[in-house]
Amino acid sequence: MQHMLFGLLLAVSTAEATVAQEAKPTKATGILIAGSSTLLFADQIPEFKGNGLEIRTIVLEPGEMSAYHSHANRPIVAYLASGDYTEHRNDEGVIVHEIGEQWTEGANVAHWSKNRGSVSTYLINVEVVRLDE
């Protein structure tokens, strides 16, 4: 029994180390923007002219990933609607998000993500965007 438990713990820690050591991808693969809408702030709050709020449905296919990127100029609030979403954030390690979870990505976030599951991942992102008006 102890050998089985040790083997299981070793397998889990080895898998976590493998995930954590992956190279930062420079190109996104298997990402689709399934829909988006933008609200112009100038129509709502004149002093925020040139900015907007955009909601996007992002689909990440199984085994596919985003490129390593920063949110220094594009803060978001994210919601995981379905699927598997593993995030590698700020060289600090791996975050495995749960369905129904919400989080923020602001100026201090640089990361990449991967769908490690067997079904499509659906993310809802609400982003502050800079617009050319």
Side-chain angles (χ1 to χ4, degrees):
M1 180 71 166
Q2 287 180 339
H3 284 283
M4 277 184 15
L5 183 56
F6 178 74
L8 178 62
L9 290 173
L10 181 61
V12 168
S13 64
T14 301
E16 288 177 358
T18 300
V19 167
Q21 294 175 4
E22 289 182 81
K24 296 173 190 167
T26 58
K27 183 178 177 185
T29 61
I31 294 180
L32 168 72
I33 307 300
S36 69
S37 296
T38 303
L39 175 67
L40 303 177
F41 283 158
D43 297 340
Q44 311 299 316
I45 309 167
E47 52 272 19
F48 288 174
K49 182 178 181 178
N51 295 286
L53 195 59
E54 182 176 65
I55 185 167
R56 299 190 307 163
T57 302
I58 300 171
V59 181
L60 184 59
E61 295 301 332
E64 304 298 336
M65 67 192 76
S66 71
Y68 182 74
H69 61 282
S70 166
H71 284 273
N73 295 312
R74 196 172 170 115
I76 74 165
V77 175
Y79 172 78
L80 180 58
S82 66
D84 180 276
Y85 189 75
T86 301
E87 178 187 5
H88 301 254
R89 185 181 278 210
N90 295 342
D91 297 324
E92 296 170 4
V94 176
I95 302 168
V96 178
H97 292 283
E98 302 288 330
I99 294 172
E101 184 179 346
Q102 52 196 340
W103 63 93
T104 61
E105 298 168 6
N108 61 343
V109 173
H111 67 146
W112 66 276
S113 57
K114 186 169 186 174
N115 177 349
R116 297 187 186 285
S118 59
V119 299
S120 298
T121 294
Y122 284 80
L123 290 167
I124 308 298
N125 284 357
V126 178
E127 309 178 30
V128 174
V129 294
R130 183 84 183 136
L131 306 166
D132 295 328
E133 294 184 301

I need the minimum non-hydrogen distance between Trp112 and Pro25, along with the two atoms involved. CD2-CD, 3.2 Å
Run the side chain to side chain contact (heavy atoms under 4.5 Å, CB included) check on Leu123 and Leu60 step by step: do they pass? CA-CA 8 Å; Leu123 290 167; Leu60 184 59; 5.8 Å; no
Same cluster (ILVMFWY, side-chain, under 4.5 Å), Tyr79 and Ile58: no
Find out if a path of hydrophobic residues (ILVMFWY) with successive side-chain heavy-atom gaps under 4.5 Å connects Phe48 to Val77. no
Please name the pair of heavy atoms, one in Gly50 and one in Arg130, separated by the smallest distance, quoted to 0.1 Å. O-NH1, 3.2 Å
Steps toward side chain to side chain contact (heavy atoms under 4.5 Å, CB included) verdict (Leu53, Val128): CA-CA 5 Å; Leu53 195 59; Val128 174; 4.2 Å; yes
Enumerate donor-acceptor pairs with a distance under 3.5 Å from any side-chain N or O in residues 95-106 to protein atoms, sequence neighbours excluded.
| from | atom 1 | to | atom 2 | distance (Å) |
| --- | --- | --- | --- | --- |
| His97 | ND1 | Glu101 | OE1 | 3.4 |
| His97 | ND1 | Glu101 | OE2 | 2.9 |
| His97 | NE2 | Glu87 | OE1 | 2.6 |
| Glu101 | OE1 | Glu98 | N | 2.8 |
| Trp103 | NE1 | Glu105 | OE2 | 2.7 |
| Glu105 | OE1 | His71 | NE2 | 2.9 |
| Glu105 | OE1 | His111 | NE2 | 3.3 |

Passes side chain to side chain contact (heavy atoms under 4.5 Å, CB included), Gln44 versus Leu39? Steps please. CA-CA 9 Å; Gln44 311 299 316; Leu39 175 67; 3.7 Å; yes
I'd like to know if the side chain of Asn51 and the backbone of Phe41 have a donor-acceptor N/O pair within less than 3.5 Å. no
Considering only residues two or more places apart or on different chains, which pairs with a residue in residues 66-81 satisfy salt bridge (Lys or Arg N to Asp or Glu O under 4.0 Å)? Glu54-Arg74, Arg74-Glu127
Mind checking what makes side-chain hydrogen bond (donor to acceptor under 3.5 Å, both in side chains) contact with Thr121, not counting sequence neighbours? Asn115
Straight-line distance of Leu40 CG to Leu131 CG, nearest 0.5 Å: 6.0 Å
Please identify each residue that fulfils side chain to side chain contact (heavy atoms under 4.5 Å, CB included) with Tyr122, with sequence neighbours left out. Thr57, Val59, Ala81, Ser82, Ser120
Of all residues at least two apart in sequence or in a different chain, which pass the side chain to side chain contact (heavy atoms under 4.5 Å, CB included) check with Val119? none
Let me check something: any side-chain donor-acceptor pairs from residues 26-36 under 3.5 Å, sequence neighbours excluded? List them with distances.
| from | atom 1 | to | atom 2 | distance (Å) |
| --- | --- | --- | --- | --- |
| Thr29 | OG1 | Glu64 | OE1 | 2.6 |
| Thr29 | OG1 | Met65 | N | 3.4 |

